[in-house]
Protein chains: 2
Amino acid sequence: MESIKDVAREAGVSTATVSRVLAGKPYVSEKARAQVLAAVDKLKYRPNRAAQTLRSQRSTTIGLLVSDIRNPYFTAVSRAVEDVAHEAGYSIFLCNTDENPEKEALYLKEMADKNVAGVIYSPTKQSAETLTPNQFGFPIVLVDRNTPNSDIDTVLLDNVTAGERLTFHLLENGYRRIFGVFGEASTTGEQRREGFLRALRSMELSPVGESFTTPRIQGGLTAAMNALQAANPPDAIFTTNSLLAAGALSAIHKCQLRIPDDVALVGFDETTWSTLVQPQLTVIAQPTYEIGQTATEMLLKRIEDPKRSARKVILSGELLVRGSSAAR
Amino acid sequence: MESIKDVAREAGVSTATVSRVLAGKPYVSEKARAQVLAAVDKLKYRPNRAAQTLRSQRSTTIGLLVSDIRNPYFTAVSRAVEDVAHEAGYSIFLCNTDENPEKEALYLKEMADKNVAGVIYSPTKQSAETLTPNQFGFPIVLVDRNTPNSDIDTVLLDNVTAGERLTFHLLENGYRRIFGVFGEASTTGEQRREGFLRALRSMELSPVGESFTTPRIQGGLTAAMNALQAANPPDAIFTTNSLLAAGALSAIHKCQLRIPDDVALVGFDETTWSTLVQPQLTVIAQPTYEIGQTATEMLLKRIEDPKRSARKVILSGELLVRGSSAAR
DNA sequence: TTGTAAGCGTTATCAC
DNA sequence: GTGATAACGCTTACAA
C-alpha cells in the first residue's frame with residue numbers, strides 16, 4: 001500500500017505538505033497543492049485510517065447502540081444514520097444491547113477503545129439515569145429515549161402527547177375498557193403510558209388493565225392473551241411499539257376475536273405490515289428517518305463544536321386512523 | 001488514558017512482556033503474567049485499537065455490506081453477524097449499498113482504508129461476476145448471493161430447489177396460471193426463477209407472465225398490479241422476497257381480490273407479518289440467523305487461516321404451507 | 001523468559 | 001510556505 005511518503009516523493013514535497021493539502025489546510029502554494037493532488041491521483045493513494053486515528057486521537061467512525069436492530073423502528077433509524085454519516089465521511093459501528101445495561105456499558109467501553117468520534121445511543125432507563133455529557137470521552141446523542149440530564153443532546157418523539165392522542169382517538173370512537181401494554185426498561189413506554197393515563201383520567205376513566213413487558217412479540221402476545229382471557233376483557237388494546245402490537249394481534253387471532261368489533265387495537269410505528277393486515281392498524285407513525293437523520297446531524301455538529309449548547313429535539317408523531325379502531 | 005507503558009511500569013516489566021501477556025502468547029513466567037494482569041486491573045488499562053491496528057495491520061472489525069438493512073432478511077442476518085462477531089471480539093461496520101455497484105466499490109475501499117479483518121458481503125450480480133479471493137486485501141464471505149468464482153466462501157440458500165418446491169406446491173394445489181415477480185440485480189432472484197421455471201416445465205407449463213423489478217415493495221406492487229389488470233390475469237403470484245410479497249399483497253387488496261380464491265400468493269422469507277395477515281402467507285422460510293452465524297464463523301476462520309480451502313455452504317429453506325395458497 | 005528498540009503511517013510543532 | 005522530525009500506542013524481531 002502506498003503511504004504518504006510515497007506521495008511526498010512523487011510530488012517532490014515533504015509529507016507535511018501532503019498532509020496539509022489533504023486536510024485542506026491553508027498556507028500551501030497552488031503549485032504544491034496541484035503536485036500533491038496529481039501524485040495522489042497517480043498513486044491512487046488513500047490515507048491509512050488507523051494511523052490518522054492514532055495520531056490525531058479522533059476517528060471518522062460513529063457508534064450506533066440500539067437495543068435490537070430487528071425492531072423496525074431501529075432498523076429505519078439506523079438506515080438514516082448510516083446515510084447521513086456516510087455522506088459526511090463517517091462509518092458506523094452497529095451494536096445490539098438487548099436492553100441490557102451491562103452490554104451497554106461494555107459496548108460503550110469498546111467504542112472508547114476504538115476512539116469513535118461519537119455515539120448515537122438508545123439507553124435503557126437504568127443507564128439513562130446517570131448519563132452525563134462527558135462520561136465516555138466522546139459525545140453522545142440519545143434517540144428514542146430520554147434522560148433526566150438536560151445537557152445531553154436528544155431526539156425524541158413527543159411520547160406523552162402521542163400516547164394521549166392515540167388514547168383520545170379510542171375514547172372518541174367509543175372505547176371505554178382499554179387495556180395498556182407497555183414496553184418496560186425504557187423511558188419511552190413510560191411516557192406513552194403517561195399520555196395514555198392522562199387521556200383516560202380526563203374522562204374520569206381508568207385502564208381496565210395494564211401490563212409491562214419486554215418490548216417484543218412474545219411479550220405482547222402473552223400480555224394480550226392474559227387480558228383477553230380475563231374475567232373482565234377489554235374492548236380495546238393500546239400497545240407502545242410495533243412488536244407488542246404484533247404480539248397482541250396474534251393473541252386476538254388466537255382468541256378468534258374480530259377487530260374492531262370484539263376488540264380494537266392500536267399501536268406505535270408504521271411498519272410494512274400495518275396496512276397489510278385487515279383491518280389495517282391504527283398507529284402513531286414516527287418520522288423514523290428524520291429521527292435518525294436529525295440525531296446524526298446533531299452528533300456531527302457536536303463533534304465539530306463540543307461546547308455547543310445541548311438541545312432536545314422533540315418531533316411529533318402522526319396519528320394514522322385506520323380500521324382497527326373504527327367507531328363502535 | 002493509560003498506555004501500555006504505564007502498565008509495564010506498574011508491573012515492573014517491559015512493554016513487550018505486557019503485550020505478550022495480553023496477546024496470550026507463550027514464554028511468559030507465571031509471575032510476570034500475574035503482575036501484568038494485576039497492573040492492568042489496577043489501572044483499568046484498555047489497549048488502544050488504532051495503535052494495535054496500525055502496528056499489526058489487522059483490526060478487530062469486520063464489514064457488513066448489504067443492499068438495505070431494512071430488508072427483513074438482512075436485518076435478521078445482521079443481528080446474527082453482530083452476535084457472533086462480538087462474541088469473538090469483533091465489531092461490525094454496517095453499510096447499505098442499495099444494489100449499486102459503485103457504492104459497493106466505494107464502501108469496499110473504505111473497508112480497506114480501515115484495515116478491516118474481513119467483510120461479509122451481499123454483492124449485486126454485476127459485482128459478483130468479477131470477484132476474486134484477494135481482490136481487496138482482506139477476505140470476504142458472500143451471503144445470500146453467489147459468484148461464478150468457486151474460490152470464494154459463500155453461504156447461500158438452495159435457491160433453485162426452494163423456488164422449485166414453492167412452485168410445485170402451487171401446482172399441487174391446482175394453480176396453473178402463475179405469475180412470477182423476481183428481484184433484479186442479484187443472482188438470488190435469478191436462481192429462484194430457475195427453480196420456478198423448472199417446476200413449470202416439468203408439467204409442460206409456462207408462466208402466465210414474469211416481471212423483473214427492484215426488490216422492494218413498490219416494485220412488487222407495480223408488477224402485481226400490472227399482472228392482475230392484464231387481459232389474462234394469473235391465479236397465483238410467486239414472489240422472490242418479502243418486500244415483493246408485501247407489494248403484491250397490497251396490489252391484491254387494491255384490486256379487491258380474495259386470497260386464495262381469486263389469486264394465491266407465495267413468497268420467500270418468514271417475517272413478522274407473514275402469520276399476521278389473513279390468510280397467512282405461504283413462504284419458503286430461510287434460516288436467516290444461521291446464515292449470518294455461519295457466514296461470520298467462516299469469515300473468522302478464514303481470518304485465522306487465510307489458506308483454508310474455500311467452501312460454499314448451501315442451506316435449505318423450509319416450506320411453510322399456509323392459507324394464501326390453499327388448494328383450489 | 002525477558003527487554004530493547006525499530007517501526008506501523010499519520011499529524012503537528014518547530015525552525016527555516 | 002515548507003520541510004525535518006518527534007510523537008501517537010502498540011507489536012515483534014532480535015539480542016540477551
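Here is how names work: the chains are called A, B, and so on, in the same order as the sequence lines, proteins then strands, and each is numbered from 1. The structure displayed is predicted, hence computed values, not measured ones.
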Position toward the 5' end of DNA chain D (nearest nucleotide), B:S19 or A:A16
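Final value for this comparison: A:A16.
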Within this structure, what is the [atom1]-to-[atom2] distance between [X] and [N], rounded to whole angstrom?
| X | N | atom1 | atom2 | result |
| --- | --- | --- | --- | --- |
| A:K114 | D:dC8 | NZ | P | 23 Å |
| A:R46 | C:dC8 | CZ | C1' | 19 Å |
| B:E2 | D:dC8 | CD | P | 14 Å |
| A:K25 | D:dT2 | NZ | C1' | 14 Å |
| A:N115 | D:dC8 | CG | C1' | 10 Å |
| A:Q35 | D:dG3 | CD | C1' | 14 Å |
| A:R9 | D:dT2 | CZ | P | 19 Å |
| A:R20 | D:dG1 | CZ | C1' | 7 Å |

Would you say [N] has OP1 or OP2 under 4.0 Å from some side-chain N or O of [X]?
| X | N | result |
| --- | --- | --- |
| A:Q57 | D:dG9 | yes |
| A:Q52 | C:dG9 | no |
| B:S3 | D:dG9 | no |
| A:T17 | D:dG3 | yes |

Would you classify [X] as touching base, sugar-phosphate or nothing, given that sugar-phosphate means primed atoms plus P, OP1 and OP2, and contacts are heavy atoms under 4.0 Å?
| X | value |
| --- | --- |
| A:A23 | nothing |
| A:A32 | sugar-phosphate |
| B:R33 | nothing |

Q: Select from B:G12 and A:P47 the residue whose nearest nucleotide in DNA chain C is closer to the 5' end of that strand.
A: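 Result of the comparison: B:G12.
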| DNA chain C: A:Y45 or B:Y27, which has the more 5' nearest nucleotide? |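 It is B:Y27 whose nearest nucleotide is closer to the 5' end.
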So that I can tick it off, tell me whether [Y] and [X] are bridged by a salt bridge, with the cut-off set at under 4.0 angstrom between side-chain N and carboxylate O.
| X | Y | answer |
| --- | --- | --- |
| B:E129 | B:R145 | no |
| B:K44 | B:E2 | no |
| A:R33 | A:E30 | yes |
| B:D305 | B:K301 | no |

- Would you say the side-chain atoms of A:T17 pair up with the backbone N or O of A:V13, donor to acceptor, closer than 3.5 Å? no
What nucleotide, of [options], holds the atom closest to the side chain of [X]?
| X | options | result |
| --- | --- | --- |
| B:S56 | C:dT2, D:dG9, D:dT12 | D:dT12 |
| A:T15 | C:dT1, C:dG9, D:dT5 | D:dT5 |
| B:L54 | D:dT2, C:dT10, C:dC8 | C:dC8 |

| query | After noting the C-alpha distance and the side-chain angles of B:D151 and B:R311, does the key distance pass the salt bridge (charged side-chain N to carboxylate O under 4.0 Å, His left out) rule? | reply | CA-CA 7 Å; B:D151 291 341; B:R311 53 201 78 187; over 6 Å; no
* Does B:R55 get its side chain close enough to the base of C:dG7, under 3.5 Å, for a donor-acceptor pair? ->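 Such a pair exists between side chain and base.
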